[in-house]
Number of protein chains: 2
Amino acid sequence: MATLDIGEVARRAGLPTSTLRFYEERGLIAATGRNGLRRQFDAGVLQRLALISLGRAAGFSLDEIAAMLGSDGQPTIDRAQLAARADELDHSIRRLTALRDSLRHAAVCPAASHLECPSFQKLLRVAERYRPRRKSRS
Amino acid sequence: MATLDIGEVARRAGLPTSTLRFYEERGLIAATGRNGLRRQFDAGVLQRLALISLGRAAGFSLDEIAAMLGSDGQPTIDRAQLAARADELDHSIRRLTALRDSLRHAAVCPAASHLECPSFQKLLRVAERYRPRRKSRS
DNA sequence: CTGTGGCTTCAAGTCGACTTGAGGCCAAGC
DNA sequence: GCTTGGCCTCAAGTCGACTTGAAGCCACAG
C-alpha cells in the first residue's frame, strides 16, 4: 500500500508538519520508515491522529495520551480512567452550563443591578474559587 | 471599615498572594493604599476577585477581563460579548457532552472492537480536527 | 538584640504544546 | 547549471498565567 509523506499526512489530518514531527518525537506517532531522509507514514497514522485529537478534546495531556495509546495501534485504554474522565467532564459540563445560563441572563439583565441581581450572585458563587489547570475554547 | 492586608485577601479568596500582586500589576485589582509598605485592600476586592474568577471560568483571558471590569467596581460588560461567549460555551458544552457519552460508552465497550464500534467512530468524528486554544479541567 | 513572620521589589523561571528560524539535502523542471 | 519545493535537524522562541528566588524592610516576641 502507498505510504504517505509528512505533507500528505499533514494535509489529511489538518495539522502542520511541525506538529507531526513533534508528535513523533514525543512517541505519539511513528513513521514506518524513511524514503531517503523523508519520513513515510502509512494510512493508519490518520486514525491514530484522530485518537490523539480525541484525547486532547477529552482533556488528556500528550503524556497521558502517549501512555494510553501504547506503541501498537490498538488503544490500551484504561477503562476506569475513561470513566473517571467522563465524570470529570460531567462536572465541567455542569459548571459550564450554569455559567452559560448565567451569562445569558447577565446579557439581558440591567447593568446597574448586576451585583444585586440574584442570578448574578449565584453566578459569582458558581465561579468562586475557580482554579483552572487547563483551559478550553472551541 | 477595616482594610485587609494581602494575606487576608489571599486567605479569603483562596488565592496565593503572588497571584494577587500579579493581578494588581495587570490592573485587575487595586489596593486602596499602603500601610507602610503593605498594600491595603478593602473588602470590595473580594467581589472583584469573584468576578475575575467568573471571567476565567467563562473562558475570558485576563486582558479581556481587565477590559470588561473597568477601573471602577461596576463591571462594564459588553452584552453582545457576553451573549457571544454564551454561544461559544454552548458549542463547547455540546462537544463535551458528546465526548462524555462516548467515553462512557468506550469504558464499557469491548476493547478489541473499539476501532470498529460505531459509537467509537462517531467519537472520533466528533474529535477530529480538534484545535484547542486553551484547555480546561475542573 | 535577635529571631521570626509577613510583607516588599524585581527578575527570572516554569509548564504545555507547539512554532519558528537557521542552515542544509535532494530530486525535478527549466 | 540553477532554482524551487519539500523535506530534514536542532536549538531557541512563544504564549498565558502565574510561581519562584534573591535580597531586604519592619514590627513584635522572647
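Since we're looking at a predicted model, the values are computed, not measured. Residue numbering restarts at 1 for every chain, and letters A, B, ... go by the order of the sequence lines.
From one end of the helix from dC1(C)-dG30(D) to dC30(C)-dG1(D) to the other, with five pairs defining each end axis, the axis direction shifts by 30° (rounded to 10°).
The phosphate of dA17(D) has neither OP1 nor OP2 within less than 4.0 Å of any side-chain N or O from Tyr23(B). The side chain of Thr19(A) contributes no N or O atom lying less than 4.0 Å from OP1 or OP2 of dA17(C). For dC7(C), the OP1/OP2 oxygens have no side-chain nitrogen or oxygen of Arg39(B) closer than 4.0 Å. Contact check, Arg34(A) against dT9(D): a side-chain N or O comes under 4.0 Å of OP1 or OP2.
Between the CG atom of Leu20(B) and the P atom of dG6(C) there is a distance of 16 Å, rounded to whole Å. Atom CG of Leu62(B) is separated from atom C1' of dA17(D) by 6 Å (rounded to the nearest Å). Here the P atom of nucleotide dA11(D) and the CZ atom of Phe22(A) are 15 Å apart, to the nearest Å. Spacing between atom CD1 of Ile52(A) and atom C1' of dA17(C) amounts to 13 Å, rounded to whole angstrom units. Whole-Å rounding puts the Asp5(A) CG to dC25(C) P distance at 20 Å. Protein atom CD of Glu25(A) is 13 Å distant from nucleotide atom C1' of dA12(D), rounded to whole Å.
In terms of position along DNA chain D, the nucleotide closest to Asp63(B) lies nearer the 5' end than the nucleotide closest to the other residue of the pair Asp63(B) and Arg38(B).
The side chain of Arg21(B) lies closest to dT9(C) when the candidates are dC7(D), dT19(C), dT9(C). Checking dC7(C), dT19(C), dT20(D) against every side-chain atom of Ser18(B), the shortest atom distance belongs to dT20(D). Minimum atom distance to the side chain of Arg56(A) is reached by dC18(C), of the listed dT19(D), dC18(C), dT19(C).
Across all strands, Gly36(B) comes closer than 4.0 Å to no nucleic acid atom at all (heavy-atom distances).
When each of Ile29(A), Leu46(A), Thr3(A) is tested with Val9(A) by the rule side chain to side chain contact (heavy atoms under 4.5 Å, CB included), just one qualifies, namely Leu46(A).
Separation of atoms CZ (Arg21(B)) and CD (Glu25(B)) is listed at 10.5 Å; rounding is to 0.5 Å.
Salt-bridge annotation for Glu88(A) and Arg85(A): present, with a side-chain N of the basic residue lying under 4.0 Å from a carboxylate O of the acidic one.
Arg38(A) places no side-chain N or O within 3.5 Å of a backbone atom of Ile6(A) that could act as its donor or acceptor partner.
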